Amino acid sequence: MTDALPEVRLYNSLTRSVERLRPLEPGRVSIYTCGSTVYRYAHIGNLRTYLFGDLLHRTLEYLGYEVRYVKNITDVGHMRDDTPDQDRMELAAETEGRSPSEIAQFYTDAWLTDERLLNILPADVMPRATEHVPQMLELTATLLDKGLAYEVDGTVYYDVSAFAGYGKLSGQRLEEMKPGHRVDVESDKRDPEDFALWKAAGEHRLMKWPSPWGDGFPGWHIECSAMSMHYLGDRFDVHTGGIDLKFPHHEDEIAQSEGALGHQVVSIWMHGEFLTLADAKMAKSAGNVIRVADLPSKGFEPLAFRYLALTAHYRSKLDFTERAMHAAASALRRLRRAVAEGASERTDADLSAAPLAGYRDRFVAAVSEDLGLPAALAVAHAVASDGDLTPPQRRVLLLDFDRVLGLSLDAPVGGEVELPEGAAALLARRAEAREARDFATSDALRDELAALGVEVRDTRDGQVTTVAGTRSG
Ligand code: AMP
Ligand code: ZN
C-alpha cells in the first residue's frame, strides 16, 4: 500500500535543490529537529522554527506516512561567543539563584507550554542532552580512535582538516575561513576552525561528568549527533533547524556523525528562515523578543501567530507586525466561521465526492511541494467562499485540512474582544510582575483592571481576561 502514498518534494540544503523524499523505509519517515536551549524563554522566532518542524510532521502524517519525530532539549553545553567561559545554563542559574537543573526544568516547561498553545504536536521523543552523556563520550572516543580528534589538557577537539567533506552543507571552504574571525577563547586549538567535542571542566563548573580525559562537559554539536543517531539510527531521513544552525552547528554535526560512521547519515537537511521584527532578526541578544505568552496582552490569541507563520513559506523571512497579526486573526476567524456554519446542518459530507476530492487534491499538491502552506491556505479560503459547496461540505473539507494547518478551526468564533483603553498595557505590566513573582504589584494591577471592567484569571497558560460578559485570552 505504501507506494500509493503521495510523492513529497522537499528543499535539501545539502544539494541546494528541491528533491523527492525517498524514505529509507518505505512509508516511514524519521525526523530530527534541534530543540530549544533551555536557559531562557523561547521567543516567537524560535517557535516559528518549531512550527516549521510541526508542519513537516503533520504534512507527512496527513499524507499517510508514519513519522518518527525526535526533538531534543539542549540543557547543557550551548556556548556562544558572548559567554565564552561559562555555559549559559550556569550563567542563568547564577543570575536567577537556582540550580542548573531547576533552570532547565523551568524553561523546558515554559517552552512546551508555548508549543501547546501553538498546537505544535508533541514529538515522539524529546531527549535531554544531560541524559545522553554516555553516548556523547562514546562518539568522542570513536572520533579520537579514527584520528579525527585530538585532546589537549582534558579538552577534545575535532580536527576539521582531517574531514574531507567539511563545508559541504554551508558552502564554507576551510581555506577561505579567516583565522581569528571570531573571538577565540580556545587558544590551544591547532586550527581556529576546530571545535570542542568535550571540554575540561573549570574549577567552578557545576555541570560536569567524569570522562577518560578528566571531568568535563560536552560541546553543543556532539549532543545532536549523539542523540539523533541514538534514537533514529545510523541513517535517517530529515534533519531540521533554523537557518543559523546550518553553520557551524549542522556542518559540525555532519563532520562528527559521518566522520564516525564513514557514510552519509542524514538524507535531507532542511532550514527555516528567520522571523524578524522591524526587519531585524528576533534574538534575545538584540533585545527585540516577543513571547507566545505576550500575545494575549497584545490582543492576539496564540493561534493567530500560527496562522501568520502559515502565510509565509518556511524558506522566506517573515516580519512580525501588529498589522499582519490583525490580518491573520481576521483570516482565521473567517475560516472558523465557515466551519461553524457547517455544523448547523445535520447532513454529512463525503470527502471523496467530486468537488471535495478536487479541493483535497489541490491541498495535497500544495503541501507536498516543499511544504507550500501559503498555497494550501489559499485552497482553504477558496473552500470557505465556494457557494457551490454546502456548508457541511465546506466544514468537512476545512476540518480535514486542519489536520495540517493546526488552527483549531472548530474553535468557537466571536470570542475576540476589544479591550478597554489602557487595559492591554496593564495586562502586560501584570504579566511582567507575575513573572518576577511580584504578587503585590500583580494584585494591585488586577484591581486597576477590574476598575476598567476587565476581570483577570491566572491559568497555567497565563492570564485569561473576561470583559463585560465575554471571554478572551
Ligand atoms: P536556540 O534555542 O537559540 O538554539 O534556538 C532554537 C531554534 O530557533 C534554532 O533552530 C534557531 O535556528 C531558531 N531561531 C533563532 N532565532 C530565530 C528567529 N528569529 N526566527 C526563526 N528561528 C529562529
Ligand atoms: Zn542540534
Side-chain angles (χ1 to χ4, degrees), residues 13 31-56 70-83 87-89 92 103-104 107-108 110-112 114-115 118 120 123 126-129 132 136 169-170 195 218-232 236 238-257 265-266 269-292 305 308-309 312-320:
S13 301
I31 307 173
Y32 184 89
T33 290
C34 291
S36 199
T37 315
V38 287
Y39 62 86
R40 45 100 174 103
Y41 290 114
H43 55 69
I44 56 175
N46 303 131
L47 283 144
R48 182 187 182 200
T49 293
Y50 305 128
L51 278 167
F52 146 58
D54 183 58
L55 290 166
L56 176 66
V70 178
K71 177 155 61 176
N72 79 288
I73 298 168
T74 303
D75 57 356
V76 64
H78 187 170
M79 294 182 301
R80 293 257 174 105
D81 296 349
D82 55 351
T83 55
D87 191 305
R88 286 181 170 203
M89 289 294 309
I103 292 284
Y107 289 109
T108 301
W111 171 39
L112 298 181
D114 290 347
E115 291 214 334
L118 292 175
I120 293 176
M126 297 198 75
R128 288 180 160 79
H132 297 78
M136 298 168 202
L169 176 69
S170 57
F195 58 91
W220 174 35
H221 316 309
I222 197 80
E223 299 180 0
C224 284
S225 279
M227 289 185 280
S228 63
M229 296 195 291
H230 181 68
Y231 288 99
L232 297 174
F236 61 93
V238 187
H239 194 310
T240 80
I243 190 82
D244 57 336
L245 299 193
K246 205 195 270 188
F247 185 85
H249 186 52
H250 292 162
E251 194 70 66
D252 291 352
E253 200 180 316
I254 290 178
Q256 295 162 161
S257 303
V265 175
V266 176
W269 286 88
M270 295 179 75
H271 294 96
E273 255 295 353
F274 284 143
L275 181 77
T276 58
L277 193 65
D279 294 318
K281 178 194 169 188
M282 185 173 288
K284 171 121 194 197
S285 49
N288 64 347
V289 298
I290 296 175
R291 292 176 44 210
V292 172
F305 177 66
L308 180 71
H313 191 262
Y314 74 89
R315 284 194 286 126
S316 304
K317 285 198 176 63
L318 171 61
D319 199 39
F320 180 93

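Just the heavy atoms: all of them, side chains too, but no hydrogens, waters or symmetry mates, feed the values below. Note that ligands are numbered from 1 as they come in the structure, with each ligand's atoms numbered from 1 the same way. Everything numeric here is computed off the predicted structure, so don't read it as measured data.
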Ligand-side contact atoms (ligand 1) for residue partner Lys281, heavy atom cut-off under 4.0 Å:
16 (N), 19 (N)
Determine the interplanar angle of the His249 and Trp220 rings, folded into 0 to 90°, and report it as parallel if under 30°, tilted if 30 to 60°, perpendicular if over 60°.
parallel
Backbone N or O of Phe274 within a donor-acceptor pair of the Arg48 side chain at under 3.5 Å?
yes
Under a 4.0 angstrom heavy-atom cut-off, which atoms of ligand 1 come close to Asp244?
11 (C), 12 (O)
So Trp111 and Asn46, do their side chains get closer than 4.5 Å, heavy atoms only?
no
Is it the case that ligand 1 has an N or O less than 3.5 angstrom from some N or O of Gly45?
yes
How does Arg40 reach ligand 1, by side chain, by backbone, by both or by neither, if only non-hydrogen atoms under 4.0 Å count?
side chain
Can you find a non-hydrogen atom of His271 under 4.0 Å from ligand 1?
no
If you count the atoms of ligand 1 from 1 in the order shown, which ones are under 4.0 Å from a heavy atom of Met282?
16 (N), 18 (C), 19 (N)
Distance filter under 4.0 Å to Leu275 heavy atoms, resulting ligand 1 atoms
18 (C), 19 (N), 20 (N), 21 (C)
Angle subtended at the Zn ion (ligand 2) by Cys34 SG and Cys224 SG, rounded to 10 degrees
130°
Regarding His249, does it place an N, O or S atom less than 2.8 Å from the Zn ion (ligand 2)?
yes
Ring geometry between Trp269 and His239 (parallel below 30°, tilted from 30 to 60°, perpendicular above 60°)
parallel
Ring centers of His43, Phe320 separated by less than 6.0 Å:
no
Mode of Glu273 contact toward ligand 1 - side chain, backbone, both, neither (heavy atoms, under 4.0 Å)
backbone
Does ligand 1 come near enough to Trp220 that some N or O of the ligand is less than 3.5 Å from an N or O of the residue?
no
Below 4.5 Å, heavy atoms only, C-beta onward: do Ile31 and Leu56 meet side chain to side chain?
yes
Please tell me whether Asn72 and Tyr32 have a donor and an acceptor in their side chains that are separated by less than 3.5 angstrom.
yes
If you measure every N/O of Tyr50 against every N/O of ligand 1, is any gap under 3.5 Å?
no
Side chains of Met270 and Arg315: does their closest heavy-atom pair fall under 4.5 Å?
no
Under 3.5 Å, N or O to N or O, is Gly242 touching ligand 1 that way?
yes
Could you tell me how the ring of Tyr231 sits relative to the ring of His132: parallel (under 30°), tilted (30 to 60°) or perpendicular (over 60°)?
perpendicular
